[in-house]
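Worksheet: one structure, shown below.
Each chain gets a letter, A, B and so on, in the order its sequence line appears, and its residues count up from 1.
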Protein chains: 2
Amino acid sequence: MSAADATILLVDDHSVVREGYRSVLQKQPGLRVVAEAADGAEAYRLYKSETPDLVIIDLSMPGIGGIEAVRRIRQWDKAARILVFTMHENAGFAVQAIRAGARGYVTKTSPPETLVRAVKDVLAGKIAISPDIDHELALSRISGETSAADVLTPREFEVLRLLLAENTTEEIAETLHVSPKTVANLHSLIKDKLGVASDIELVRLALRQGILTEVDLGEA
Amino acid sequence: MSAADATILLVDDHSVVREGYRSVLQKQPGLRVVAEAADGAEAYRLYKSETPDLVIIDLSMPGIGGIEAVRRIRQWDKAARILVFTMHENAGFAVQAIRAGARGYVTKTSPPETLVRAVKDVLAGKIAISPDIDHELALSRISGETSAADVLTPREFEVLRLLLAENTTEEIAETLHVSPKTVANLHSLIKDKLGVASDIELVRLALRQGILTEVDLGEA
DNA sequence: ACCAACACCGGGAAAATTTCACGACGTTGC
DNA sequence: GCAACGTCGTGAAATTTTCCCGGTGTTGGT
């Protein structure tokens with residue numbers, strides 16, 4: 001490893017998965033994994049102490065999610081290069097991630113070459129999106145349906161995600177370090193923006209748009 | 001690698017994740033990954049042709065899911081040793097997987113040692129379950145989830161169905177020829193009986209129990 | 001540099017709702 | 001007969017939702 005190697009921070013709550021990234025990336029010359037984090041808060045801390053050239057981050061993680069972590073890192077360093085690598089094959093998430101400041105969005109079903117390609121593209125200053133998501137985005141452009149991701153701000157989307165994860169207003173306020181009042185206000189605003197009157201409709205809409213998937217549901 | 005190595009089939013739809021397993025397992029003497037599959041059907045085919053000593057399989061995959069794959073493999077070979085390795089930290093899935101014939105259930109949040117331990121245990125003929133799921137199982141044993149159809153009176157169940165069909169309190173009152181107040185009272189009582197605090201949890205529970213199915217959701 | 005637009009945070013107060021306590025009525029089953 | 005329960009509803013308190021407001025910080029255009 002030379003001094004000119006690009007440094008990378010890996011963020012994923014599954015340690016064996018991090019091992020996978022590491023294994024794939026280490027085969028590439030010029031790349032060096034310098035740190036790993038298992039959740040968003042830790043990622044933020046490590047970014048500040050290590051200031052790596054690139055962050056590769058998952059979305060669904062305990063505590064603050066990946067989107068929120070992206071937002072915070074970019075707030076701290078506007079030049080941060082962040083590549084989202086996630087299981088969610090969903091245009092909405094991609095839109096939100098890019099809006100929050102990510103420079104790339106690659107799904108975990110992609111072959112390793114796609115990840116490597118995206119890493120290099122992002123390091124070169126380009127925006128990298130995996131082909132399946134490109135396709136999804138094209139489709140949603142065609143159908144013209146206004147999705148949650150389109151009308152919600154990153155913060156609102158994050159609150160929505162936490163609401164769907166069956167947290168209470170107080171727990172969410174705690175997680176995001178804001179007052180419960182703010183969460184309640186956002187909850188109300190979200191419903192307004194999405195044009196639903198009740199929480200029940202809200203969940204149904206989230207299911208239709210793939211923000212909440214059936215596998216997230218909990219015990220059978 | 002000696003002829004006495006235990007042979008392993010890896011099944012996961014994320015290639016980079018398979019790379020992670022492989023990397024962790026290859027550090028262990030006596031273990032050899034001989035095949036990889038990206039979905040349930042391929043796993044079944046490969047099992048029949050390779051008859052490995054152990055299968056490590058994910059649950060959420062395209063096509064036939066992991067549970068179904070477990071069932072088929074066990075149907076073909078009653079002695080098959082299958083270890084489920086998944087992101088779902090969920091007692092219900094674990095129960096289903098074990099019932100389908102899996103000999104182990106480990107979550108992806110577990111450290112690599114736990115996976116390695118489980119692999120050895122299953123190869124030794126034991127049943128291996130990661131600590132977090134053990135805990136979940138203990139909890140769910142204590143407070144089993146109340147089945148909606150069980151504890152609700154017919155009238156309450158009917159109101160629940162109408163609530164899920166995204167009707168307002170007033171519309172339901174109209175439909176049932178009762179006062180909106182009664183519907184509101186029942187709504188509250190239903191949540192109480194089912195042990196949920198919010199409407200969001202209510203919908204989730206209904207989905208889990210099949211009262212509301214995803215096909216009811218309306219247009220995409 | 002300036003301004004407009006917007007995201008974000010939360011207080012205050014009105015409006016709506018949820019929840020609780022309490023009856024009333026009818027049916028069922030012992 | 002009567003105890004238990006489902007059903008329906010009222011009133012009042014408790015809580016939540018909603019709306020309106022001001023403040024801050026950032027972004028983008030002129």
Quiz item: For A/K191 and A/V196, what are the C-alpha separation, side-chain angles and deciding distance, and is it a side chain to side chain contact (heavy atoms under 4.5 Å, CB included)?
Solution: CA-CA 5 Å; A/K191 288 200 287 183; A/V196 300; 4.0 Å; yes

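- Between C/dC8 and A/R71, a contact under 4.0 Å exists linking OP1 or OP2 to a side-chain N or O.
- The separation between A/K78 atom NZ and D/dG25 atom C1' is 11 Å, rounded to whole Å.
- When only modelled atom types and interatomic distance are considered, A/E89 and A/T107 share no side-chain donor-acceptor pair under 3.5 Å.
- Around atom CD of B/Q75, no more than 12 heavy atoms belonging to other residues, nucleotides or ligands sit under 6.0 Å away.
- Legend: residues meeting side-chain hydrogen bond (donor to acceptor under 3.5 Å, both in side chains) with A/T7, ordered by chain and number and at least two apart, are A/D53.
- As a whole-Å value, the separation of A/I67 CD1 from C/dA7 C1' is 16 Å.
- Within the nucleic acid shown, A/R74 has no heavy atom closer than 4.0 Å to any nucleic acid atom.
- The side-chain contact (heavy atoms from CB on, under 4.5 Å) test applied to B/L176 returns B/R155, B/E158, B/V159, B/L162, B/I172, B/V178, not counting sequence neighbours.
- If you take CD of A/E174 and C1' of C/dG10, they are 17 Å apart, rounded to a whole angstrom.
- At least one side-chain heavy atom of A/L59 sits under 4.5 Å from a side-chain heavy atom of A/I67.
- In this entry the distance linking CZ of A/R155 with P of C/dA7 reads 14 Å, nearest Å.
- Taking the ring centroids of A/F157 and A/F93, they lie under the 6.0 Å cut-off.
- Rounded to a whole Å, the CD atom of B/E156 is 6 Å from the P atom of D/dT7.
- Residue-to-nucleotide proximity on DNA chain C shows that, of A/H177 and A/K193, the 5′-proximal contact is made by A/K193.
- Base engagement by B/T182 is indicated by at least one non-hydrogen atom pair under 4.0 Å involving a base atom.
- Screening residues 107-133 of chain A for salt bridge (charged side-chain N to carboxylate O under 4.0 Å, His left out), with sequence neighbours left out, gives A/D12-A/K108, A/D58-A/K108, A/R117-A/D121, A/D121-A/K126.
- In this structure, the side chains of A/R22 and A/E36 come closer than 4.5 Å at one or more pairs of heavy atoms.
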Between protein and nucleotides 27-30 of chain C, what N or O pairs are separated by less than 3.5 Å?
none

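- Using a distance-only test at 3.5 Å, with no hydrogens or angles considered, a donor-acceptor pair links the side chain of A/E42 to the main chain of A/A38.
- Comparing atom distances between the B/S179 side chain and each of D/dT10, D/dT27, D/dC8 picks out D/dT10 as nearest.
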Practice problem: Starting at the 5' end of nucleotides 13-21 of chain C, put B wherever the base has a protein heavy atom under 4.0 Å, S where only the sugar-phosphate does, and a dash everywhere else. | Solution: B----SBB-

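- When distances are taken from the side chain of A/T153 to each of C/dA7, D/dT27, C/dG10, the shortest belongs to C/dA7.
- We find that CD of A/E158 is positioned 15 Å from C1' of C/dA7, with the value rounded to whole Å.
- Residues A/P180 and A/T169 are in side-chain contact: their nearest non-hydrogen atoms beyond the backbone lie under 4.5 Å apart.
- The end-to-end axis angle of the helix from C/dA1-D/dT30 to C/dC30-D/dG1, rounded to 10 degrees and based on five pairs per end, is 40°.
- Summarising the geometry, the separation between CD1 on A/I190 and P on D/dT18 is reported as 11 Å, rounded to the nearest angstrom.
- Atom CD of A/Q75 is separated from atom P of C/dC9 by 9 Å (rounded to the nearest Å).
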Quiz prompt | Derivation of the salt bridge (Lys or Arg N to Asp or Glu O under 4.0 Å) call for A/K48 and A/D77 | solution = CA-CA 9 Å; A/K48 289 197 287 187; A/D77 175 5; over 6 Å; no

